[in-house]
Q: 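Have a look at this one.
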There are 2 protein chains.
Amino acid sequence: MSLEFAILGFLNYHPYTGYDLKKIFDSSVRHFWPADQSQIYRTLANLTERSLVQMEKVPQDDRPDRKVYHITDSGREELRKWVAGPAPLDEPRSAPLIQVFFSGILTDEEILQKFEGYAGIMRMILERYDQVPSQLGPFEKEITSPREHFFWLLTLENGMLSMKASLEWAESIIQRIKSGQVPQE
Amino acid sequence: MSLEFAILGFLNYHPYTGYDLKKIFDSSVRHFWPADQSQIYRTLANLTERSLVQMEKVPQDDRPDRKVYHITDSGREELRKWVAGPAPLDEPRSAPLIQVFFSGILTDEEILQKFEGYAGIMRMILERYDQVPSQLGPFEKEITSPREHFFWLLTLENGMLSMKASLEWAESIIQRIKSGQVPQE
DNA sequence: ATAATATATATGTTTTATCCTATATATGAG
DNA sequence: CTCATATATAGGATAAAACATATATATTAT
């Protein structure tokens with residue numbers, strides 16, 4: 001599981017609660033690893049069982065007690081081993097590409113609209129990428145040293161470049177449809 | 001579920017067995033939607049229950065009876081609705097990017113090796129993309145009309161272009177590491 | 001006043017996907 | 001003669017992820 005290593009990675013920066021982690025995930029790695037709240041809490045419980053993190057209860061009067069999780073030495077070791085280890089292989093899943101694959105059953109007009117839809121979504125995502133580094137989320141406020149920040153930017157860069165490539169792809173297809181280069185049957 | 005629409009899409013070309021479908025998946029959409037054998041059989045059972053496909057038993061003497069699945073009218077309708085419908089949003093998950101995100105804990109030398117590893121894998125994948133259209137798999141032998149073939153090529157193109165973008169990204173990072181542009185702490 | 005949002009955790013259920021194994025037989029390679 | 005590969009289906013076990021809901025309180029906005 002990669003989620004558990006992502007959690008260990010963040011706890012290696014600083015101790016956090018599950019609630020903190022959810023916000024941090026959303027403002028930093030969401031673009032390549034979305035995480036569900038319930039999944040984070042369950043993974044924290046699991047990491048605690050395996051002594052890779054330790055829970056510290058911080059009582060509060062007004063709200064539920066905070067459970068602050070600290071990474072342990074063995075947790076740090078596991079994290080290091082995983083990050084330094086071989087690249088986990090990606091099994092990519094893209095539902096939009098399934099639509100593309102079977103869109104031969106649509107009319108060329110429908111296909112054109114479809115790709116214009118894709119291109120629109122991609123342009124929106126690209127715009128959001130441009131804004132990200134300027135809007136300081138919880139992630140930037142709390143944890144990043146220049147070195148950590150640098151690697152975060154690398155992941156943003158990767159997302160942006162891949163998205164740009166896909167947008168150009170969609171645009172070239174729009175051109176091909178308009179100039180009648182799609183085989184009919 | 002996108003898998004069920006992919007199956008409907010193939011059965012819309014031609015009736016197939018679960019076994020056929022597994023081979024077809026592996027030789028056509030694997031690069032953006034890998035499918036497990038057991039999952040295909042279970043999904044076929046589920047589609048049958050919902051009357052989107054119909055099973056035809058073809059007895060064989062020597063081997064287990066073939067169960068050939070045919071798409072029904074309502075199955076065709078569902079497929080059309082889904083393919084014509086709005087783009088399903090992609091929630092991308094990339095374990096390698098988690099490694100990148102946290103690789104600040106490694107030495108620059110280790111990071112360099114890591115990215116050279118990534119680049120190597122990507123170059124391999126790109127080479128495979130180049131070979132695909134020439135090696136006729138079960139997919140090309142059995143089902144594609146020029147129109148269907150065209151959309152298949154589009155998905156390959158997308159994979160190739162995204163991979164190329166990521167490779168260039170990795171190579172630019174290698175250069176940055178070599179020229180000491182990675183912040184130290 | 002009331003509703004929404006933020007803080008904080010937890011669990012039950014379902015879906016999706018992976019892994020492994022079992023059943024049967026035929027063919028071809030070493 | 002054995003072992004791998006191909007044909008064909010199926011199900012148990014587990015892991016991963018998504019979806020929904022519950023508890024409790026404080027603050028802010030309408």
Q: Hey, does the side chain of B:R93 come within less than 4.0 Å of D:dA18's phosphate (OP1/OP2), counting only N and O?
A: yes
Q: Between the side chain of B:E185 and the main-chain N/O of B:P183, is any donor-acceptor distance below 3.5 Å?
A: no
Q: Output the distance between atom CD1 (B:I7) and atom CD1 (B:I24), rounded to the nearest 0.5 Å.
A: 11.0 Å
Q: Counting only side-chain nitrogens and oxygens, does A:S38 get under 4.0 Å of the OP1 or OP2 atom of D:dA18?
A: no
Q: Round to the nearest Å and state the distance from A:I24 atom CD1 to C:dT7 atom C1'.
A: 15 Å
Q: Tell me, with the steps shown, if A:R76 and A:T72 meet side chain to side chain donor-acceptor pair (under 3.5 Å).
A: CA-CA 6 Å; A:R76 212 165 261 125; A:T72 63; over 6 Å; no
Q: Which residue, B:V68 or B:E91, contacts DNA chain D at a nucleotide closer to its 5' end, judged by nearest heavy atom?
A: B:V68
Q: What integer distance in Å separates A:R66:CZ from C:dT7:C1'?
A: 9 Å
Q: Can you identify which nucleotide, out of D:dG11, D:dA18, D:dA10, has its nearest atom closest to the A:R42 side chain?
A: D:dA18
Q: Nearest to the side chain of A:T17 - C:dT9, D:dT9, D:dA17?
A: C:dT9
Q: Grab the two heavy atoms, one from A:D90 and one from B:R93, that are nearest each other, plus how far apart they are.
A: OD1-O, 3.6 Å
Q: B:D36 CG to D:dT9 P: how many Å, rounded?
A: 15 Å
Q: In whole angstrom, what separates A:R50's CZ from D:dA15's C1'?
A: 13 Å
Q: Picking from C:dT7, D:dA16, D:dT9, which would you name as closest to the side chain of A:K23?
A: C:dT7
Q: Between P on C:dA17 and CG on B:L3, what's the gap in Å once rounded to a whole number?
A: 6 Å
Q: Rounded to whole angstroms, how far apart are CD on B:Q37 and C1' on D:dG11?
A: 10 Å
Q: In this structure, how many angstroms lie between the P atom of C:dA8 and the CD atom of A:E56, rounded?
A: 14 Å
Q: A:K57 NZ to C:dA8 C1': how many Å, rounded?
A: 13 Å
Q: Any salt bridge between A:R80 and A:E77, counting N to O under 4.0 Å?
A: no
Q: Taking only the side-chain nitrogens and oxygens of B:Y19, find out if one of them lies under 4.0 Å from OP1 or OP2 of D:dT7.
A: yes
